[in-house]
Amino acid sequence: MALLSAAIGYANVELEWMLPNPVAGRKLAEPEGRVRWITREESDALIAAAGRAPRAPFMADLITVALYTGCRRGELLGLDWARVDLKQNLIHLEGRHTKSGKRRSVPLCETARTAILRRARFRAEHCPDSQWVFSYRDGHQAKDIRGAFYSACRAANLADFTFHDLRHTCVAWLVTGGAPLAEIRDLLGQSTIMMTERYAHLAPENLRTTVGRLDMSRFSHAPDEATELARIG
């Protein structure tokens, strides 16, 4: 439909055909989107498998930080030590580092902070002059991680799982933990709440609380039993 609309538009502008465009502005319904996440137990198995990858000594910590911050792969692989604040427990991302083009600060929970500290000890031991948080022993920036990541997935018996699904897993864990969707959106640097809403069904307790308000409303407007008995006589 988009191709047809573009062709008609081209013909009208360039060839002056003045054709009607019945598909202008029409779009098919968007699919709901991929919903894939792993449990805590599966994440432990994945991290353990990644820790056995000698050619990618950063992989276990990279996966851990991705799971517990929701940061994208590019945001983490491009992370340098100048933007890590371990006193405030923050990672600072400038606009050029994010998909949305907007800067944001990502708080580090204790698990993510511990992984970053392991990277700091690794740097001090192997490559003290490296600027990269996730680097090889020679200090060079980690870039192509696909082979090591998928090897870890196979070792952990995880099928149909991508690095970006670590971000989805972070969302799923936060939703099931009761975090508001708007706060999750802001943490992940989303321009809309659409991705977060894919996982809203994982928090049915929130809906139960909402539905429970119907009972509260009913009883608050109902006459008390003595008054009702006196009325009917």
L19 reachable from L15 in the ILVMFWY side-chain graph, under 4.5 Å edges: yes
Sequence neighbours excluded - side-chain hydrogen bond (donor to acceptor under 3.5 Å, both in side chains) pairs with any residue from residues 174-183: none
Criterion side-chain contact (heavy atoms from CB on, under 4.5 Å) on Y150 and T162, from CA distance to verdict: CA-CA 8 Å; Y150 288 122; T162 68; 4.0 Å; yes
Gap separating the CG atom of L62 from the CG atom of L76, nearest 0.5 angstrom: 5.5 Å
Check: C71 main-chain N/O paired with R167 side-chain donor or acceptor under 3.5 Å: no
Any donor-acceptor N/O pair, D165 side chain to H168 backbone, under 3.5 Å: no
Co-membership, hydrophobic cluster, residues I47 and F122, 4.5 Å side-chain: no
Heavy-atom check, side chain of V106 versus side chain of L188, under 4.5 Å: no
Mind listing the side-chain donor-acceptor pairs of residues 126-136 below 3.5 Å, one per line with the distance, residues two or more places apart or on another chain?
residue: S130; atom: OG; partner: W132; partner atom: N; Å: 3.3
residue: S130; atom: OG; partner: G139; partner atom: O; Å: 2.8

L86 and V84: CA distance, side-chain angles, deciding distance, side-chain contact (heavy atoms from CB on, under 4.5 Å) verdict: CA-CA 6 Å; L86 290 174; V84 176; 4.0 Å; yes
In one Ile/Leu/Val/Met/Phe/Trp/Tyr side-chain cluster, 4.5 Å: L93, W81: yes
Flag if over 12 foreign heavy atoms under 6.0 Å of CZ, R113: yes
Residues which pass side chain to side chain contact (heavy atoms under 4.5 Å, CB included) with L4, listed by chain and number, not counting sequence neighbours: I8, V23
R83 (side chain) donor-acceptor with I91 (main chain) under 3.5 angstrom: no
Counterpart residues, salt bridge (Lys or Arg N to Asp or Glu O under 4.0 Å), relative to R119 (two or more places apart): D61
Derivation and outcome, side-chain contact (heavy atoms from CB on, under 4.5 Å), residues W37 and W173: CA-CA 9 Å; W37 59 285; W173 290 356; 4.1 Å; yes
Minimal non-hydrogen separation, T64 against A115, with atom names: CG2-CB, 4.0 Å
Where S43 and L67 come nearest, the two heavy atoms and their spacing: CB-CD1, 3.7 Å
Nearest atoms (heavy-atom pairs only) where Q141 meets L77: NE2-O, 2.9 Å
More than 12 heavy atoms of other groups within 6.0 Å of R26 CZ: no
side-chain hydrogen bond (donor to acceptor under 3.5 Å, both in side chains): pairs with one or both residues in residues 9-23, sequence neighbours excluded: S5-N21
Closest non-hydrogen atom pair between I184 and A179, with its separation: CD1-O, 3.7 Å
Check against side-chain contact (heavy atoms from CB on, under 4.5 Å), L46 and L166: CA-CA 11 Å; L46 178 60; L166 298 173; 4.1 Å; yes
L90 reachable from L79 in the ILVMFWY side-chain graph, under 4.5 Å edges: no
R104 bridged to E75 by N-O distance under 4.0 Å: yes
For the student: nearest non-hydrogen atoms of D160 and R36, plus distance: O-NE, 3.1 Å
Distance in Å, F149 CZ paired with R154 CZ, rounded so as to fall on 0.5 Å steps: 11.0 Å
With A50 via side chain to side chain contact (heavy atoms under 4.5 Å, CB included) - residues at least two apart: M59, A60, I63, A152
Nearest heavy-atom neighbours spanning A112 and T69: CB-CG2, 4.1 Å
salt_bridge(R146, D144) N-O dist < 4.0 Å: yes
Single-linkage hydrophobic cluster F161~F163, side-chain heavy atoms < 4.5 angstrom: yes
